[in-house]
Amino acid sequence: MKVTQSLLAKSFLARSFDELKRRSSIAWNLDAVKGPSGPRELYDFRSSDSVNNCIVMSDTLIGGSSTSNFDFIPSSSPLSPQTTIPSASHARFHGYISTSLPSDRLAIQRTGYAAFRTPDQPPTVFGRSVWDIDPYTYLALRIKSDGRAYYVNVQTESVEPTDLHQHRLFAKRPGQWETILIRWNDFVRTNHGFVVEPQTELLRQRVYSVGIGLTDRVEGPFELCIERVWATNGTEEKGAIPEAQGGELKNKKGEKIQW
């Protein structure tokens with residue numbers, strides 16, 4: 001038990017020291033004045049532990065029948081001389097969307113969703129760990145999509161703990177790896193799938209987690225692969241695709257929300 005306590009304490013101190021170095025670097029490099037010198041990694045899915053620590057959800061929580069899986073896929077070498085680009089380690093989000101309603105829960109009138117999110121960040125001596133993405137313009141995601149209507153979900157400190165900031169994940173090349181850029185200012189605040197009015201800006205200094213959900217309610221299999229997510233100003237991202245306009249979020253009056 002003493003060994004375990006020692007290791008936990010070391011991990012806590014190591015995290016705290018890393019956070020102190022990060023804050024000191026911001027002050028020393030005058031990032032708040034000149035802007036950050038490069039992108040900031042938020043989460044990568046290139047190890048089994050990082051994938052296993054994520055939180056996976058589906059409508060089974062309310063009696064639905066959708067399935068949701070989140071698997072680690074290790075890197076692979078080129079399969080043939082014609083395949084020159086190896087596959088990097090990543091996570092595979094997959095399953096099956098079902099819109100069937102539970103027979104024993106008559107109050108449930110809507111099913112058909114699946115999602116995952118990054119885990120709660122461990123604390124440091126500075127308190128609860130958060131991502132401060134205020135110096136950055138974009139959220140970047142390295143993904144390979146099947147083309148279904150996924151949403152990116154960002155959780156921040158909020159008056160309502162169940163609030164999410166959402167934006168449609170517009171894949172331009174389904175079946176191929178691509179980097180998607182989404183402006184932080186373009187996320188829409190929602191609660192239980194409906195747009196919240198009045199809107200409030202995403203609290204950029206206190207981001208808790210990032211995730212992806214599928215709520216299109218189209219019966220059938222789904223698959224999305226993700227390698228990493230990071231904050232960036234976009235100038236250094238080669239081949240990145242800015243987000244498109246439009247989407248399927250609605251307010252409580254049933255009106256579609258345009259970004």
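For N53, there are no side chain to side chain donor-acceptor pair (under 3.5 Å) partners, not counting sequence neighbours.
Considering all non-hydrogen atoms of both residues, G112 and S66 come closest at CA-OG, 3.7 Å. Closest of all the heavy-atom pairs between Y208 and W131 is O-CZ3, 4.0 Å. Nearest heavy atoms, A171 versus I180: CA-CD1, 4.4 Å. When every heavy atom of R183 is checked against every heavy atom of F187, the shortest pair comes out as O-CD1, 3.6 Å. Closest non-hydrogen pair, N191 versus E160, comes out as ND2-CB, 4.1 Å. Shown here for I182 and H167, the closest heavy-atom pair between the two residues is CG2-CG, 3.6 Å.
Y151 has its side chain out of reach of I212: every pair of non-hydrogen atoms, C-beta onward, lies at least 4.5 Å apart. Side-chain contact between F222 and D146 is present, with heavy atoms from C-beta onward closer than 4.5 Å. Residues Q155 and L164 have side chains in contact (heavy-atom distance under 4.5 Å, counting atoms from C-beta outward). Contact annotation: the side chain of T111 approaches that of P102 to within less than 4.5 Å [non-hydrogen atoms, C-beta and beyond]. Side-chain atoms of W184 and L139, non-hydrogen and from C-beta on, do get closer than 4.5 Å to each other. W230 places none of its side-chain heavy atoms less than 4.5 Å from the side chain of V210. Taking 4.5 Å as the limit, every side-chain heavy atom of T156 sits out of range of all side-chain heavy atoms of R206. Contact of the P119 side chain with the Y43 side chain is registered, since non-hydrogen atoms from C-beta on lie closer than 4.5 Å.
Rounded to the nearest 0.5 Å, atoms CG (D216) and CG (L214) are 4.0 Å apart. Atoms NE2 and OG, on H90 and S50 in that order, are 12.0 Å from each other to the nearest 0.5 Å. To the nearest 0.5 Å, the span separating NZ on K144 from CD on E223 amounts to 7.0 Å. Taking SG from C54 and CZ from F70, the interatomic distance works out to 4.5 Å, rounded to the nearest 0.5 Å. One finds the OG1 atom of T179 at 9.0 Å from the CG atom of L141 (value rounded to the nearest 0.5 Å). Taking CG from N233 and OG1 from T137, the interatomic distance works out to 4.0 Å, rounded to the nearest 0.5 Å.
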Show, in sequence, the C-alpha distance, side-chain angles and deciding distance for D186 and Y138, and conclude whether the side chain to side chain contact (heavy atoms under 4.5 Å, CB included) test is met. CA-CA 9 Å; D186 287 347; Y138 298 99; over 6 Å; no

Side chain to side chain contact (heavy atoms under 4.5 Å, CB included), that's the test. Do F45 and C225 meet it? Break it down for me. CA-CA 10 Å; F45 303 88; C225 297; over 6 Å; no

Applying side-chain hydrogen bond (donor to acceptor under 3.5 Å, both in side chains), run through R204 and N185 and close with a yes or a no. CA-CA 9 Å; R204 298 158 68 99; N185 286 344; 3.0 Å; yes

Before giving the answer on side chain to side chain contact (heavy atoms under 4.5 Å, CB included), spell out for I133 and L42 the whole-Å C-alpha distance, their side-chain angles and the decisive distance to 0.1 Å. CA-CA 9 Å; I133 49 84; L42 300 183; 4.0 Å; yes

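Residues V56 and I97 share a hydrophobic cluster, clusters being chains of Ile/Leu/Val/Met/Phe/Trp/Tyr side chains in contact below 4.5 Å. Residues F72 and L224 share a hydrophobic cluster, clusters being chains of Ile/Leu/Val/Met/Phe/Trp/Tyr side chains in contact below 4.5 Å.
Judged by distance alone, the side chain of S129 and the main-chain N or O of P122 form a donor-acceptor pair under 3.5 Å. Side-chain N or O atoms of S145 include none that pairs as donor or acceptor with a backbone N or O of P174 at under 3.5 Å. Between the side chain of T215 and the backbone N or O of Y113, no donor-acceptor pair lies under 3.5 Å. When atom types are taken as modelled, the side chain of N153 and the backbone of Q166 share no donor-acceptor pair closer than 3.5 angstrom. Judged by distance alone, with hydrogens and angles left aside, the side-chain atoms of R148 form a donor-acceptor pair with the main-chain N or O of V218 at under 3.5 Å. The backbone N or O of T99 lies less than 3.5 Å from a partner atom in the side chain of E219, making a donor-acceptor pair. A donor-acceptor distance shorter than 3.5 angstrom exists from the side chain of Q199 to the backbone of R189, with no hydrogens or angles considered. Between the side chain of T67 and the backbone N or O of Y96, at least one donor-acceptor pair lies under 3.5 Å.
Looking at D44 and R228, no side-chain N of the basic residue comes within less than 4.0 Å of a carboxylate O on the acidic one, giving no salt bridge.
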